[in-house]
2 protein chains.
Amino acid sequence: MDHKTGACRAWELMTRFWLVQRGHLPAVAAEFDLSPVQVHVLYLLEPDRPVPMGRLAEALACDASNVTGLVDRLEARGLIERQPASFDRRVRVLALTPSGTRVRTQLQRRLSAPPKRFDRLSAAERQALARLLERLLD
Amino acid sequence: MDHKTGACRAWELMTRFWLVQRGHLPAVAAEFDLSPVQVHVLYLLEPDRPVPMGRLAEALACDASNVTGLVDRLEARGLIERQPASFDRRVRVLALTPSGTRVRTQLQRRLSAPPKRFDRLSAAERQALARLLERLLD
DNA sequence: TATTGTTATACTCTATAACTATA
DNA sequence: TATAGTTATAGAGTATAACAATA
């Protein structure tokens, strides 16, 4: 019982954290003049790692038709571009433009900046947390 | 330096987790025939804890005008209801209906169910994680 | 005067269904 | 035949500006 309770408590807190952060995303996105989903897309597109459009739909858990418009608007802003895929002529892969790469770098820095309440944990505790999360997230 | 790196690594992983979960939300919401933001609203409305509409806008980091339509649709489905606020006649507070309370309970159970990869951590590690997260989230 | 919530408007996000090109 | 992506369409989510009621 303690076993199960412990697991649930930790996961419950992870869920709470996730939903609180979800509430912060619109404001963070607005700092970059982006929408929440645009932030998510940019986050998923790592530099020099083109992603097929279908893979994006999977990661966002949305319909493929939705990705078309999403990509249209990001492409119109010059942040990403469609490229043909060498392995299959039906597939279009997405790559960051130089401009998109710069925005993504700033975004990553912004998202990775720990909030001030992180000070509550000592260096050792932070490392312990990082190790636990690493094992949890692959 | 180790200090700062440790903090960033842990937070970076929290951020990664958050965005991965964000990708899962549409599918979870669909299980309940809800949209992601509707799940978020229901999660924020605890039973017997009426919330002013303006507070909801804050928590979602969205404009107040947006909350009107959001609440309209949830109210039309009989999950929540607007009530007058005793302390200020301009304010409308939101409360779960009995039906909304039931849906929220199921939702909470669904969201709190730890994924199978939680097995990677021992009971002691899960407790340690829960303790660290508790201190981090207030 | 300032604030809470609504309305009108416009644009983005999203899914469904039908389509094109390729496999 | 099956799959990747697009188009057309409709509805939900979102912000801005103007408004009504109340503080």
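In what follows, chains carry the letters A, B, and so on, assigned in the order in which the sequence lines appear, proteins first and then strands, with residues in each chain numbered from 1.
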Next item on the list: Could you tell me whether B:E125 and B:R120 have a side-chain N and a carboxylate O separated by less than 4.0 Å?
Entry: no

Next item on the list: Figure out the CD/C1' separation between B:E58 and C:dT4, and round it to whole Å.
Entry: 12 Å

Notebook entry, point to check: Are the side chain of B:E75 and the backbone of B:R82 linked by a donor-acceptor contact shorter than 3.5 Å?
Noted result: yes

Item checked: 5′-ward residue of the pair A:R89/A:L70 relative to DNA chain C -> A:L70

Next item on the list: Give a yes/no on whether any side-chain N or O of A:R73 is located under 4.0 angstrom from OP1 or OP2 of C:dC13.
Entry: yes

Next item on the list: Look only at the side chain of B:E81 and the backbone of B:T97, and say whether a donor-acceptor pair between them is shorter than 3.5 Å.
Entry: no

Next item on the list: Take atom CG of A:D63 and atom P of C:dC19, then tell me their distance rounded to the nearest Å.
Entry: 17 Å

Check: Which residues within residues 81-88 of chain A lie with some heavy atom under 4.0 Å of an atom in DNA chain C?
Finding: A:D88

Notebook entry, point to check: Quick one: is B:S35 getting a side-chain N or O under 4.0 Å of the D:dG13 phosphate, OP1 or OP2?
Noted result: yes

Check: Under 6.0 Å from the CZ atom of A:R77, do we count more than 12 heavy atoms belonging to anything else shown?
Finding: yes

Check: Have B:R104 and B:Q108 got a donor and an acceptor in their side chains that come within less than 3.5 Å?
Finding: yes

Next item on the list: Let me know the distance between CD of A:Q38 and C1' of D:dG13, rounded to the nearest Å.
Entry: 14 Å

Item checked: Carboxylate-amine/guanidinium contact B:E12 B:R9, below 4.0 Å -> yes

Next item on the list: Specify the residue among A:R90 and A:P36 whose closest nucleotide of DNA chain C lies further upstream toward the 5′ end.
Entry: A:P36

